[in-house]
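Worksheet: one structure, shown below.
Residue numbering restarts at 1 for every chain, and letters A, B, ... go by the order of the sequence lines.
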Number of protein chains: 2
Amino acid sequence: MAAGDPVRVRTAVTRNDVARLAGVSTAVVSYVVNDGPRPVAEATAARVRDAIERLGYRPNTTARALAVGSTTTIGLVVPDSTNPFFAEYAWQIQRAATDLGYAVLISNTGFDPGVEERSVRDLCDRQIDGLLIAGVSGLRQIDELSRQGRRIPVVLIDEASSRRGHTTVGPDAATGAERVVAHLLHVHGHASVAMIIGDSADPATDGRERGWIGAHARAGRRLGVVERTPFSRQGGFEAGLRLLGRADRPTAVFVSSDSQAIGVLHAARELGVAVPDELAVGSFDDSEESRFCSPPLTTARQPARAMAEAAVAAVVHGGTTPEHLVFDMPLVVRRSCGCRTE
Amino acid sequence: MAAGDPVRVRTAVTRNDVARLAGVSTAVVSYVVNDGPRPVAEATAARVRDAIERLGYRPNTTARALAVGSTTTIGLVVPDSTNPFFAEYAWQIQRAATDLGYAVLISNTGFDPGVEERSVRDLCDRQIDGLLIAGVSGLRQIDELSRQGRRIPVVLIDEASSRRGHTTVGPDAATGAERVVAHLLHVHGHASVAMIIGDSADPATDGRERGWIGAHARAGRRLGVVERTPFSRQGGFEAGLRLLGRADRPTAVFVSSDSQAIGVLHAARELGVAVPDELAVGSFDDSEESRFCSPPLTTARQPARAMAEAAVAAVVHGGTTPEHLVFDMPLVVRRSCGCRTE
DNA sequence: TTGAAAGCGGTACCAG
DNA sequence: CTGGTACCGCTTTCAA
């Protein structure tokens, strides 16, 4: 290496190189790359394009982000992307975001509020343009974080009801739950149905619980027992064991998520109780897993794709006024309830 | 608002504000924030910290990235994060990355090479510090993309064997597969075992296929039939239907992933074929789903966490020489093979 | 120990 | 239509 050589060994080609090669100013390069904001003579533009091509120039997104104040990146924080429903939801979100030119930074909290807060802080520091968060625990702090500096829009996904001051998207969980419980009650004639629900669900706001109660009320039945357990297969398994170990073992149960229901099915199998004959089960989510388990689950369907698209759109057009975007949950009947369909 | 007020309505607080309030230069603010590269008198540092506190100052990661040339972000591209194994792998990767101060940008290709290339290009444009990619199809283009400008390290994850010039991490798939096939052959006495494998797997390099072949060879048995099908529950289901529809229906099958095995189990159920009595199944992955399905799967375990940590470490210390990091796959025996364990 | 200032790679306003 | 140039917010060298 000659004495006078610059230290920089091998750096990316920048708009300076392009400008030099094309014999124009850097401004012009910018104009042609972004097709604006000023017009460029066709001949000049062609020269620039040619230079870009020859040099293999790629604009530096980081630099652009700094200049324009937008990273075209959104943050996604979920409790557990391993849960089949969240896995699908996250996938649809990533997809929708990509379609709009956004990348997504994903973060798992594992249901830990401390982790949640750290994640959000980190994401905000990274100048994301918007935040999608599922199963918020520390909404207050998150608001604070997202508001310092350039206020970044946050939309609460997987939210059963509206939260003041926030745009939220979620299924009409109450109706969905009510549908499956009513199905168990009325078409299969159970006297009442038990419920297994996530221990992180807030009874006051959780639509599933309200729907379960509503179905019983409307039918004039006494509520079944309820078991609270983590939102996981293992959680469902343990709750299932408890439920099936009771003296007054229920004949039907509504489980608040597919992943828990999978656990319940497993518990029933271990204990030798037949589903649906001895225990009918209704579930919530309609993740792909619910179609393939044994027996396939009768469940209320969360339209993940539509919700994902709505959530991404809402956060990207971040100015919009707070609103609650609700999605209907169709009942999908399979065999875990006792039906012979499918 | 007074007439001379700046237009800028409400912008984030920057190190300028901090510097002003603390009565120091911006350089000093930087020194105390980063604890270097120059020392700062304790008294001064205290003033700065105080100003930071009062102003609620948070450094702008984008600006920092531009200045230092590192985004502390890595890219992760996978075919399908909805597949339970990838879901877990991705989760572990995100976790490991977070521990090292990195964020992860995730992208799904859906097994589409075009999407893969676009994703990688986008990620590189975003100046990621490293790329983790599973199931590469267009390695050549990816190399090219990752090398223009500042060469970003790419490590191939979920790779069964080493790829020239690349550091790769993956399980010892051949041994893992061989273990499950041998188990079926020897402890359960099947004459031979069929195989269901992903249609995107390359027979030449895919360890699972080699292991399956090896087990038969070592036992002096004739190979069973093979079905190729997509890496998904649905794919497994369809292959299962085909396999079980054959005149010479196999008595045992090795399936190349848990998600496909779940599909096979479903197919068997639909056809009234008892597992494991009429069809023994061995699988590959040991994702959580395999513990909860019916019957629970005997499978070769991919140590997702260890692989994730190794992959992240490798990509972060991106200078290291290419190497293949192999992880042993223990056999986990459950009931789908015919064992009574667990 | 501290500060001034030159970048990092783009954007976009203001003049010409 | 095009060029010069002042930022965007932070890092880091160099001089004081």
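- Residue B:Asn34 places at least one side-chain N or O under 4.0 Å from the OP1 or OP2 atom of D:dT11.
- With respect to B:Glu53 and B:Arg49, no salt bridge is recorded, no charged nitrogen being found less than 4.0 Å from a carboxylate O.
- A:Val29 comes within contact range of no nucleotide atom at all, as no heavy-atom separation falls under 4.0 Å.
- At whole-Å resolution of the value, CZ in B:Arg20 and P in C:dA4 are 13 Å apart.
- If you find the closest nucleotide of DNA chain C to B:Pro39 and to A:Tyr57, the one lying nearer the 5' end belongs to B:Pro39.
- Shown here for B:Thr14 and B:Tyr57, the closest heavy-atom pair between the two residues is C-CE1, 3.5 Å.
- For B:Ser81 against B:Ile106, the heavy-atom pair with the smallest separation is CB-CD1, 4.5 Å.
- Across all strands, A:Thr26 comes closer than 4.0 Å to base atoms (heavy-atom distances).
- Distance A:Ile52 CD1 to C:dG10 C1': 13 Å, rounded to the nearest Å.
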Taking only nitrogen or oxygen atoms into account, show me every contact under 3.5 Å that the protein makes with nucleotides 13-16 of chain D, one pair per line with its distance.
{"unit_1": "D:dT13", "atom_1": "O4", "unit_2": "B:Tyr31", "atom_2": "OH", "d": "2.8"}

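- Between A:Gln127 atom CD and D:dG9 atom P the separation is 9 Å, expressed in whole Å.
- As a whole-Å value, the separation of B:Leu66 CG from C:dC8 C1' is 4 Å.
- Under 4.0 angstrom from either OP1 or OP2 of C:dG9 there lies no side-chain N or O belonging to A:Thr14.
- When each of B:Thr72, B:Thr62, B:Asn60 is checked for a side-chain hydrogen bond (donor to acceptor under 3.5 Å, both in side chains) with A:Arg126, only B:Thr72 meets the rule.
- Between its two ends, the helix from C:dT1-D:dA16 to C:dG16-D:dC1 turns its axis by 40°, counting five pairs per end and rounding to 10 degrees.
- The closest side-chain heavy-atom distance from A:Phe86 to A:Pro79 is below 4.5 Å.
- Relative to the side chain of A:Thr44, the nucleotides C:dG9, D:dT2, C:dT2 differ in distance, and D:dT2 lies closest.
- A salt bridge between B:Asp129 and B:Arg150 is present, with a side-chain N of the basic residue lying under 4.0 Å from a carboxylate O of the acidic one.
- With respect to the salt-bridge test (charged N to carboxylate O, under 4.0 angstrom), the residues B:Arg54 and B:Asp50 qualify.
- For D:dC10, the OP1/OP2 oxygens have no side-chain nitrogen or oxygen of B:Ser30 closer than 4.0 Å.
- A salt bridge between A:Arg140 and A:Asp143 is absent, with no side-chain N of the basic residue lying under 4.0 Å from a carboxylate O of the acidic one.
- Formation of a donor-acceptor pair under 3.5 Å by the A:Gln127 side chain with backbone atoms of A:Thr71 is not found in this model.
- For B:Arg64 and D:dC8, the CZ to C1' distance is 17 Å, given to the nearest whole Å.
- Side-chain N/O atoms of B:Arg15 include none lying less than 4.0 angstrom from OP1 or OP2 on D:dG9.
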